[in-house]
Amino acid sequence: MSSRKYRVKRRIMQKSVLKVMLLSGLTFLILGFIYLLGQNTHSTMVKLNRDIRVVEYGLIEDKLSGEAIVLNKEELTSAQFEGRFENIVAEREKTGKGSLVGYYISSRGQTPLRAPVSGIFMRRTDGLEEVFKEINLQAVTPEVYKYKIRTVAEDKPIQVGQPVYKIVNNLEPTRLLVHLPLDQIDFDIVAKQRANILLAGKDLGKATIKEMKQDFGEMLMIMEFTDFREELLNHRYIEVELVFDSRSGYLVPEKALIEKEGKKGVYCTKQEDITFKPVNILKIKNGKAVVEGLNKNDLLVINPPK
């Protein structure tokens, strides 16, 4: 082979090798681009499908709504004969035993009336004082919540046997006769348990279950406050809310709780990072949990990737 032909053949081989190298490099470049594109697409899909929420602070309660009857120690004075009453003490004024509260005026003249016991003077009566004077819970039925209130008009003569006034003992704790539908109760209630009593959103304080029974598809309870509740003086039937347990903290969906290395926690995210945070679970109810261990504005991953 001449030197000229050898040089031509060599140049052709060099071009072929160069083409193969360029083609191989281009192939690897395309494969790398496809791989990176796939990785970015997967990451984007994960981000798009990730349910991320700012953690919120709140509470979970065991709360029930029911109707209650206000029970106080009440001493009622009734009319012995027809007449009218002129009180000299104001409504809801505190008075001592034997204190003059007013005069009963009738055809027989003017008779002074005195407080039979110490307490709060109430000219207004509802006709149910004697009915609820002594309550036997075992004999109580839901019918007691249908008794009608009967007031005596102050501008008309008082008839024989009608109430004139009453003295409410403010040294005895106020009690409530509460009834609750059993189908509303999804947690245990036991005797001597305490609950906060709410009236129209106002917290009246804690009351203790003194007696309870289940009957007629309901739970009936006698609950006693720690002291006398003067704000219930003019009430007999009230709608109340009973809060038996209330826990406050950060609220997370129960499904977001993960167990890792024997610890319960949640996943939080910050930019590209996902971090496991152990938490202390205070209460779980209806698919939600209230926990300790998170911070305000933590971004909670509801459906963390495996």
Side-chain angles (χ1 to χ4, degrees), residues 67-141 143-178 197 199 204-208 210-211 220-238 240:
E67 189 178 11
I69 298 172
V70 179
L71 307 175
N72 284 312
K73 294 288 186 180
E74 302 170 320
E75 289 292 333
L76 191 68
T77 296
S78 299
Q80 301 299 314
F81 35 85
E82 183 180 333
R84 60 186 178 85
F85 177 62
E86 292 186 355
N87 52 295
I88 61 172
V89 296
E91 184 81 351
R92 301 177 70 141
E93 183 178 333
K94 294 180 181 179
T95 184
K97 182 179 179 179
S99 299
L100 182 66
V101 296
Y103 295 92
Y104 193 77
I105 302 170
S106 68
S107 58
R108 303 187 183 189
Q110 182 174 284
T111 305
L113 296 182
R114 300 183 180 276
V117 293
S118 297
I120 298 176
F121 172 83
M122 295 290 294
R123 177 71 178 87
R124 181 179 180 272
T125 60
D126 60 18
L128 299 177
E129 288 81 8
E130 295 298 324
V131 174
F132 296 119
K133 189 171 184 178
E134 297 292 338
I135 286 290
N136 179 4
L137 183 63
Q138 300 309 312
V140 169
T141 71
E143 293 298 317
V144 301
Y145 296 89
K146 299 179 182 179
Y147 292 164
K148 300 296 183 182
I149 291 176
R150 302 185 305 276
T151 58
V152 177
E154 295 185 26
D155 58 344
K156 293 182 180 180
I158 302 173
Q159 303 300 314
V160 176
Q162 287 185 331
V164 179
Y165 64 88
K166 65 182 176 183
I167 303 295
V168 182
N169 189 336
N170 61 330
L171 299 180
E172 292 285 338
T174 299
R175 289 188 168 200
L176 298 177
L177 177 58
V178 185
I197 309 296
L199 175 65
L204 300 179
K206 289 188 178 293
T208 303
K210 307 300 289 187
E211 297 180 61
L220 292 97
M221 303 179 293
I222 291 182
M223 304 189 70
E224 185 177 275
F225 286 96
T226 54
D227 54 10
F228 178 75
R229 308 308 306 177
E230 190 167 345
E231 56 265 64
L232 296 178
L233 261 178
N234 287 326
H235 297 276
R236 182 65 73 183
Y237 296 108
I238 57 175
V240 294

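All values below were derived from every heavy atom in this structure, side-chain atoms included, with hydrogens, water molecules and symmetry-related copies excluded.
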Quick one: pull up CG in L204 and CD1 in I238 and give me the separation to the nearest 0.5 Å. 7.0 Å
Shortest non-hydrogen contact from E82 toward V160: N-CG2, 3.8 Å
Nearest heavy-atom neighbours spanning Q162 and Q159: OE1-N, 2.9 Å
V164 side chain reached by V152 side chain, heavy atoms, under 4.5 Å: no
The reported gap from CD in E172 to CG in L71 (rounded to nearest 0.5 angstrom) is 12.5 Å
Between the main-chain N or O of I88 and the side-chain N or O of Y103, is there a donor-acceptor pair closer than 3.5 Å? no
Let me see the working for Y145 and L177 under side chain to side chain contact (heavy atoms under 4.5 Å, CB included), right down to the final yes or no. CA-CA 9 Å; Y145 296 89; L177 177 58; 3.4 Å; yes
Pick from R124, R123, E129: which one makes a side chain to side chain contact (heavy atoms under 4.5 Å, CB included) with K166? E129
Measure from the side-chain N and O atoms of R229 to the backbone N and O of T174, and report whether any donor-acceptor pair falls under 3.5 Å. no
Closest non-hydrogen atom pair, S106 against F81: OG-CE1, 3.1 Å
Answer yes or no: is there a side-chain heavy-atom contact under 4.5 Å between F225 and L176? yes
Using a 4.5 Å cut-off on heavy atoms from C-beta on, say whether the side chain of M122 contacts that of E91. yes
Rounding to 0.5 Å, atoms OG1 (T141) and NZ (K146) come to a distance of 8.5 Å
Look up atom CD1 in I158 and atom CD in Q80, then write down how far apart they are to the nearest 0.5 Å. 12.0 Å
Close side-chain approach of L199 to L232, heavy-atom, < 4.5 Å: yes
Would you please classify the geometry between the F85 ring and the Y165 ring as parallel, tilted or perpendicular, with 30° and 60° separating the classes? parallel
If I take atom OH from residue Y147 and atom CZ from residue R236, how far apart are they, to the nearest 0.5 angstrom? 12.5 Å
Of all the heavy-atom pairs spanning K97 and S118, show the shortest one and how long it is. N-OG, 2.9 Å
Quick check: closest heavy atoms across Y237 and L128, and the distance to 0.1 Å? OH-CD1, 3.7 Å
For V240 and A68, the nearest pair of non-hydrogen atoms, with its separation, is CG2-CB, 4.1 Å
Output for pair (K73 NZ, L171 CG), nearest 0.5 Å, gives 12.5 Å
